[in-house]
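Every chain is numbered from 1, with letters handed out A, B, ... down the list of sequences.
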Number of protein chains: 2
Amino acid sequence: MRYRRIPDETIKRLPVYLRGAIRLAEESVRRASSKELAEAVGVNPWQIRKDFSYFGGFGTPGVGYDIDKLIRQIRRILRLDVTRRAALVGVGNLGAALLAFPRFALYGLEIAAAFDIDNRKIGTRRGGVVIEDVAGLQTIKQRGIDLGIITVPGGAAQEVADKLVGVGIRGILNFSSRYITVPRTVKVITIDIAMDLARLSYYLPSG
Amino acid sequence: MRYRRIPDETIKRLPVYLRGAIRLAEESVRRASSKELAEAVGVNPWQIRKDFSYFGGFGTPGVGYDIDKLIRQIRRILRLDVTRRAALVGVGNLGAALLAFPRFALYGLEIAAAFDIDNRKIGTRRGGVVIEDVAGLQTIKQRGIDLGIITVPGGAAQEVADKLVGVGIRGILNFSSRYITVPRTVKVITIDIAMDLARLSYYLPSG
DNA sequence: GTTTGTGAATAGTTTCACAGCA
DNA sequence: TGCTGTGAAACTATTCACAAAC
């Protein structure tokens with residue numbers, strides 16, 4: 001395998017493969033060919049093989065992929081072999097739902113702290129964490145947190161992002177309705193649910 | 001403008017432009033150049049101009065883009081000029097949060113019905129709709145609903161997708177942890193929050 | 001002078017086809 | 001024989017540079 005830059009699209013698919021592999025493992029599947037994997041995750045076989053080839057290939061010719069090994073390898077590439085801790089800012093409806101979200105642990109993720117500005121919420125418990133005043137954001141780096149989740153209203157998003165960057169966060173998941181500006185060293189992934197639903201509308205047959 | 005197939009990536013950016021334009025309108029901005037728009041939405045100017053050019057171009061050379069006209073045009077392209085109605089299936093934490101989500105109306109979207117299998121939830125009101133038994137899914141097409149939102153646990157996702165497709169839904173937003181198989185005439189957009197957080201981990205500086 | 005719209009050039013991604021290994 | 005890994009080909013998307021419009 002010669003070195004080539006790894007396509008961003010490949011990185012986007014790795015969690016999809018991980019999710020599929022974990023599910024197969026739960027169903028006690030030990031081995032799968034790229035064709036079988038393809039069926040489980042909805043990506044075609046040659047795409048899967050190509051993606052894995054960027055990392056040297058995980059499979060055995062004539063046999064396929066060992067599911068447990070695959071899970072370990074993808075976890076390692078995504079740096080999820082050690083549990084990643086995230087801080088969530090903004091415990092509204094969506095924020096509270098994420099705090100109660102059961103799926104994070106499966107991927108080696110944990111929401112380890114939650115912050116809000118509402119005094120009525122501060123000090124109360126939600127899904128395993130006690131909600132803190134945003135002033136406490138200062139402390140998150142010492143607490144081993146290196147991901148931020150923004151679930152505040154659009155108007156407050158940039159300010160929160162600045163704070164997160166200020167305390168040394170390098171990765172932000174932004175659920176707010178605003179585009180946020182950060183230094184180039186910080187990676188932002190945006191999830192705007194309303195926007196995705198809006199996009200879906202485009203594909204509908206006219207009428 | 002010669003006809004060319006519209007890139008999928010362009011379609012993905014249209015809601016981003018719409019979101020940015022709506023925000024500028026709220027701030028009473030009447031006109032913006034591609035450069036100003038670029039700053040507001042985080043996409044570079046030539047990309048914006050190219051994207052708009054697929055639809056014939058919306059601007060005036062030497063002047064820029066009229067914000068109100070831009071909003072109308074993008075709404076029309078995304079077929080959001082008439083309010084789109086969606087049915088949500090699975091009123092758990094995430095489902096309930098989406099029912100209370102304020103942002104949909106801005107894009108001409110409305111969650112017009114919610115379904116669950118839990119008798120304790122059925123009949124109760126959440127964010128403007130009364131939760132119905134999933135058996136009632138049969139009726140949604142008559143009620144002018146043509147989008148589906150799946151917020152059920154992974155194990156039930158395919159079954160719900162089949163039901164939605166069975167009653168004539170052509171667009172599905174899938175929040176579940178499973179890849180779902182649908183006929184080619186149906187468009188599925190997947191949002192897996194845990195997966196996106198997992199991907200974010202990859203971009204973190206090692207340590 | 002300013003800013004759009006777009007063909008051409010560049011860059012990036014997917015698909016193919018098959019050599020090579022189990 | 002069956003399946004992986006990968007160079008090369010085909011395709012798709014982004015960036016550039018500038019003519020045309022205001």
Side-chain angles (χ1 to χ4, degrees), chain A residues 1-17 20-21 24 29-71 73-74 77 184 199 202-203, chain B residues 1-17 20-21 24 29-71 73-74 77 184 199 202-203:
Chain A
M1 176 205 61
R2 230 181 55 243
Y3 178 80
R4 299 196 224 49
R5 210 189 121 278
I6 293 153
D8 227 54
E9 297 299 316
T10 294
I11 300 302
K12 279 193 193 148
R13 281 185 296 263
L14 287 181
V16 177
Y17 301 145
L24 290 174
V29 177
R30 310 299 276 255
R31 267 206 311 256
S33 66
S34 58
K35 189 153 167 283
E36 290 163 328
L37 216 44
E39 243 157 72
V41 301
V43 176
N44 49 33
W46 48 89
Q47 183 72 80
I48 292 177
R49 294 204 302 275
K50 185 63 146 186
D51 284 340
F52 290 169
S53 83
Y54 289 110
F55 306 99
F58 306 147
T60 313
V63 177
Y65 299 90
D66 179 278
I67 297 294
D68 278 346
K69 188 178 161 203
L70 191 59
I71 291 172
Q73 303 261 34
I74 299 178
I77 294 166
R184 238 194 318 268
R199 179 160 65 95
Y202 173 83
Y203 296 98
Chain B
M1 177 204 64
R2 230 182 54 243
Y3 179 80
R4 299 196 223 49
R5 212 189 119 277
I6 293 154
D8 226 55
E9 297 299 315
T10 293
I11 300 303
K12 278 194 193 147
R13 282 185 295 263
L14 287 181
V16 177
Y17 302 146
L24 290 174
V29 177
R30 310 300 274 256
R31 268 207 309 258
S33 66
S34 57
K35 189 153 168 280
E36 290 163 328
L37 217 44
E39 243 158 70
V41 302
V43 176
N44 48 32
W46 46 88
Q47 182 73 79
I48 293 177
R49 295 204 301 275
K50 186 63 146 186
D51 283 340
F52 290 169
S53 83
Y54 290 110
F55 306 99
F58 307 147
T60 313
V63 177
Y65 299 89
D66 179 276
I67 297 295
D68 278 345
K69 189 181 160 201
L70 191 58
I71 292 172
Q73 304 261 35
I74 300 178
I77 295 166
R184 240 196 316 270
R199 178 158 65 95
Y202 173 84
Y203 296 98

Rounding to 0.5 Å, atoms CG (B:Asp68) and CG (B:Leu24) come to a distance of 11.0 Å

What does the inter-axis angle of the helix from C:dG1-D:dC22 to C:dA22-D:dT1 come out as, five pairs per end, nearest 10 degrees?
10°

When rounded to whole Å, the OH to P distance for the pair B:Tyr65 and D:dC22 reads 14 Å

Can you tell me how far C1' of C:dG5 sits from CG of B:Leu70, to the nearest Å?
15 Å

B:Glu39 side chain vs B:Glu36 backbone, donor-acceptor pair below 3.5 Å:
no

Any side-chain heavy-atom pair from A:Ser34 and A:Tyr65 closer than 4.5 angstrom?
yes

Measure from NZ on B:Lys35 to C1' on C:dG5 and round the result to the nearest Å.
19 Å

Do the charged groups of B:Asp66 and B:Arg31 touch, with an N to O distance under 4.0 Å?
no

Is A:Phe52 touching bases, backbone alone, or none of the nucleic acid, heavy atoms closer than 4.0 Å?
nothing

side-chain N/O B:Ser34 vs C:dT3 OP1/OP2, d < 4.0 Å:
no

Parallel, tilted or perpendicular: which fits the ring planes of A:Phe58 and A:Phe52, with parallel below 30° and perpendicular above 60°?
tilted

Using atom CD of A:Glu36 as one end and atom C1' of D:dG2 as the other, report the distance to the nearest whole Å.
12 Å

When you check every protein heavy atom under 4.0 Å of nucleotides 12-22 of chain C, what one-letter string (B, S, -) results, 5' to 3'?
-SBBSB--BBS

Working to the nearest 0.5 angstrom, can you tell me the gap between B:Lys12 NZ and B:Thr10 OG1?
10.5 Å

At what distance, to the nearest 0.5 angstrom, does OH of A:Tyr54 lie from CZ of A:Arg49?
13.5 Å

List the atom of A:Leu70, the atom of A:Leu37, and the distance in Å for their closest heavy-atom pair.
CD2-CD2, 3.8 Å

What is the distance, rounded to the nearest whole Å, between atom CG of B:Leu37 and atom P of C:dT2?
19 Å

